[in-house]
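Here the structure is a predicted model, which is why all the values come from computation and not from measurement.
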Amino acid sequence: MEQLLDQIRTWRRHLHAIPEIGFQEYKTSKYLYEELKKMGYQPLKITETGIAVYLDFHKEKTLAFRSDIDALEIEEQTGVSFKSTHQGKMHACGHDGHMTALLGLAYKLKDVQDLPHNVLLIFQPGEEVVNGAPSIINTGIFEKYHVKGIYGLHMFPDVDEGKIACRKGPLMAESGELDVTVHGKSAHAGKYHEGIDSIVIASFLISNYQSIISRMISPMQPCVLNIGEIHGGTVRNIVASQTSFHGTLRTYSEEVFSRIVEAMKGFNQGMEQAYHCQIDFACQPFNPPVLNDAHLYEELKKNVGANFEELEEPVMLAEDFAHYQKVIPGVFFYVGTRCKEYTSGLHTPTFNFHEEVLVQAVELYEKLARNVQLGD
C-alpha cells in the first residue's frame with residue numbers, strides 16, 4: 001500500500017501542477033501517454049488529447065473505466081507545494097485525482113493474464129466544456145471493442161472521507177444553459193411611451209419563468225431554474241433598448257426539461273406580441289441526467305462492502321458521463337473526501353483532498369475489473 005501511495009502522490013502532484021482547460025490538455029495528455037508507455041502499454045490517441053488503453057483478454061465483452069482530464073479557469077489558493085504552474089488554471093474539480101485513479105488501475109492490471117472481460121481505459125478531454133464525452137463516443141470506440149458497461153468516479157467533498165457513495169437511477173441532473181436577449185427600443189425616460197423597455201420585459205420573463213417551476217411542474221419532479229447574470233441599459237434616464245440574462249436549468253428528466261423550455265418559449269411569444277419587442281432565446285441541453293444502471297450499481301455495491309453509502313437523494317450537479325449512459329449501461333459514483341482538514345467545495349480555489357482516498361479508489365477499480373459480471 002505504501003508503495004502504491006508513493007506512486008499515486010507522484011502522479012497526482014505532477015498532474016495537479018499542469019492543469020489545462022478542455023481540449024487544450026496537451027501537456028496532460030503527453031504525461032499520461034508516457035506513464036502508460038512506461039507500464040508496457042501501447043496507448044491509443046483518440047481525439048486530439050484523449051487517450052485510451054485496451055486490455056485484450058480475448059473475451060466477447062469489454063468493461064470500460066473513464067477519467068476526465070481537463071481543469072478549470074480558477075486561480076488556485078490551496079498553498080500546496082505542488083500548486084498549479086499555469087496561472088489562472090486549477091484542478092478544482094478533482095480531475096487530477098480521477099486521472100491518478102485510472103493510472104493506478106492500469107498499473108494494477110499491467111501484469112494480469114486473465115479477467116472475465118476485456119478492459120478499456122478512457123482518459124477523456126473536455127468534461128467541463130461541451131462535447132467532451134460525445135467526442136469519445138463519436139470515435140466508435142465502444143462498438144469497436146464491444147463495450148457493455150462503463151464505470152466512472154468523482155472526488156466528492158459532500159461525502160465523508162473513506163466512503164464510496166452512489167444510488168441507482170438518477171444521481172445527477174440534466175443541465176442546460178439559458179441565454180436570453182430582449183431587444184426593445186431606446187427613448188428618453190421622460191418619454192418612455194415612445195420606447196420599448198427591455199428591462200421591464202426581461203423582469204417579467206424572469207418572474208414568469210420561475211412560475212413554470214412552481215405552478216406547471218409537479219412538486220414530485222425536482223428541477224432548478226437559476227438566473228445568475230443580467231445586463232441591461234447604459235444610462236439611468238434612458239429606456240434600455242437591450243437586456244440580456246443568463247442562467248441554468250436542471251432536472252432529472254429529459255421530458256421535464258423539454259416541457260420547461262417549451263413553456264419559456266410560450267412566455268417569450270406572449271411578450272413579443274404584447275410589447276412588439278424581439279426576444280432571442282436559447283436553452284440547449286448541456287448534459288443528460290446521470291442515470292445509474294441497476295445491475296452495475298448492485299455490482300458496485302457488492303464490491304465496495306462496508307464503506308458503501310447509499311445516497312437518499314440525487315444532486316443537482318451535472319456530469320457529461322451521462323452521455324456514455326445513453327449508449328451503454330454505466331454507473332457513476334463518488335469517492336468521499338470530506339474531513340476536518342479539507343472542507344472546500346468543488347470548483348473553489350481551495351479544493352483539496354487527502355491522497356490516501358485515491359488508494360481506495362484504485363483498489364475499488366481493481367475489484368470491479370476483476371469481479372463485475374456484465375449483462376448482455
Side-chain angles (χ1 to χ4, degrees), residues 1-39 43 49 51 66-108 110 121 123-129 152-164 334-366:
M1 179 176 174
E2 284 302 320
Q3 183 180 0
L4 176 59
L5 182 56
D6 287 343
Q7 181 61 72
I8 279 172
R9 286 196 180 106
T10 299
W11 287 327
R12 188 260 169 149
R13 295 182 183 193
H14 185 96
L15 289 164
H16 185 86
I18 56 167
E20 297 165 294
I21 60 174
F23 298 110
Q24 297 178 29
E25 312 96 334
Y26 299 107
K27 291 182 182 178
T28 302
S29 181
K30 181 180 179 182
Y31 180 76
L32 293 169
Y33 189 90
E34 290 173 351
E35 290 301 305
L36 291 163
K37 285 278 287 185
K38 289 178 187 176
M39 297 180 204
T49 53
I51 291 175
R66 168 271 202 177
S67 168
D68 35 22
I69 70 173
D70 57 329
L72 292 160
E73 294 189 87
I74 291 177
E75 189 68 41
E76 182 169 355
Q77 298 175 17
T78 60
V80 296
S81 60
F82 52 92
K83 68 179 182 180
S84 171
T85 58
H86 296 167
Q87 186 174 359
K89 299 180 179 64
M90 176 191 173
H91 274 299
C93 199
H95 296 191
D96 51 339
H98 307 167
M99 289 184 278
T100 299
L102 204 54
L103 284 174
L105 176 60
Y107 182 81
K108 285 276 194 175
K110 64 185 178 67
L121 311 180
F123 294 88
Q124 174 212 306
E127 190 275 329
E128 300 287 358
V129 295
L153 60 76
H154 206 296
M155 318 307 294
F156 207 60
D158 294 339
V159 173
D160 287 341
E161 186 178 87
K163 294 289 186 180
I164 301 294
Y334 299 136
V335 177
T337 64
R338 181 172 57 200
C339 61
K340 289 183 179 180
E341 186 176 358
Y342 300 125
T343 59
S344 297
L346 299 171
H347 289 217
T348 66
T350 53
F351 176 70
N352 201 358
F353 53 86
H354 286 129
E355 288 152 334
E356 285 79 2
V357 301
L358 296 175
V359 175
Q360 179 188 26
V362 170
E363 291 177 344
L364 175 55
Y365 264 172
E366 183 185 14

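Between the Glu128 side chain and the Gly22 main chain, no donor and acceptor come within less than 3.5 Å of each other. Panel note: side chain Glu20, backbone Tyr26; a donor-acceptor pair is recorded below 3.5 Å. Judged purely by atom type and a 3.5 angstrom limit, Arg12 has no side-chain atom pairing as donor or acceptor with the backbone of Gly97. His347 places no side-chain N or O within 3.5 Å of a backbone atom of Ala92 that could act as its donor or acceptor partner. Asp70 places a side-chain N or O within donor-acceptor distance of the main-chain N or O of Glu127, the cut-off being under 3.5 Å. Of the possible donor and acceptor atoms, none in the side chain of Gln124 sits under 3.5 Å from a partner among the backbone N and O of Ser67.
Screening Phe353, Tyr334, Tyr342 for a ring-ring contact (aromatic ring centres under 6.0 Å, His included) with Phe156, the sole residue that qualifies is Tyr334.
How far NZ of Lys83 is from NE2 of His16: 10.0 Å, rounded to the nearest 0.5 Å. To the nearest 0.5 Å, the span separating OG1 on Thr337 from CG on Leu358 amounts to 10.0 Å. Going from atom CG of Leu364 over to atom CG of Leu105 covers 10.0 Å, rounded to the nearest 0.5 Å. In this structure, the separation between CE on Met155 and CZ on Phe351 is 6.5 Å, given to the nearest 0.5 Å. Note that CD1 of Ile51 and CG of Leu102 are 10.5 Å apart. Values are rounded to the nearest 0.5 Å. Rounding to the nearest 0.5 Å gives a distance of 12.0 Å between NZ of Lys110 and CG of Leu36.
The shortest non-hydrogen separation linking Tyr31 to Leu15 is CD2-CD2, 3.6 Å. Counting all heavy atoms, side chain and backbone alike, Asp68 lies closest to Met99 at O-CG, 3.4 Å. Scanning all heavy atoms of the two residues, the minimum distance from Thr85 to Ala17 falls at OG1-O, 2.6 Å. Scanning both residues, Lys163 and Val159, for their nearest heavy atoms gives CB-CG1, 3.7 Å. In this structure, Val362 and Ala101 approach most closely via the heavy-atom pair CG2-O, 3.6 Å. The shortest heavy-atom contact between Pro125 and Ile69 is CA-CG1, 3.7 Å.
When side chains are defined from C-beta on, Ile21 does not count as touching Leu72, because their heavy atoms never get closer than 4.5 Å. For the pair Met39 and Leu103, the minimum side-chain heavy-atom distance is below 4.5 Å. For the pair Glu355/Thr100, no side-chain contact is recorded, criterion being any heavy-atom separation below 4.5 Å from C-beta on.
Between Tyr107 and Trp11, the ring planes are perpendicular. Angles over 60° get that label, and only those under 30° would be called parallel.
With sequence neighbours left out, the side-chain contact (heavy atoms from CB on, under 4.5 Å) criterion links Glu34 to Lys30. Evaluation of the side-chain contact (heavy atoms from CB on, under 4.5 Å) rule for Gln77 yields Pro349, Thr350 as partners, not counting sequence neighbours.
Glu35 and His14 share no side-chain donor-acceptor pair at under 3.5 Å. Under 3.5 Å, the side chains of Glu341 and His354 contain a donor-acceptor pair of N or O atoms. For Ser84 and Glu76, the side-chain atoms include no donor-acceptor pair closer than 3.5 Å.
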Check: residues 1-9 side-chain donor-acceptor pairs under 3.5 Å, at least two apart:
residue: Arg9; atom: NH2; partner: Glu356; partner atom: OE2; Å: 3.3

TODO: Verify side chain to side chain contact (heavy atoms under 4.5 Å, CB included) between Tyr365 and Lys108, making sure each step is shown before the conclusion.
DONE: CA-CA 9 Å; Tyr365 264 172; Lys108 285 276 194 175; over 6 Å; no
- [ ] Give the C-alpha distance, both sets of side-chain angles, the deciding distance and a yes or no for side chain to side chain contact (heavy atoms under 4.5 Å, CB included) between Asn352 and Ser344.
- [x] CA-CA 7 Å; Asn352 201 358; Ser344 297; over 6 Å; no
Task: Stepwise side chain to side chain contact (heavy atoms under 4.5 Å, CB included) test for His154 and His98 - done: CA-CA 7 Å; His154 206 296; His98 307 167; 3.6 Å; yes
Task: Residues Ile18, His86; criterion side chain to side chain contact (heavy atoms under 4.5 Å, CB included); working and verdict - done: CA-CA 6 Å; Ile18 56 167; His86 296 167; 3.9 Å; yes
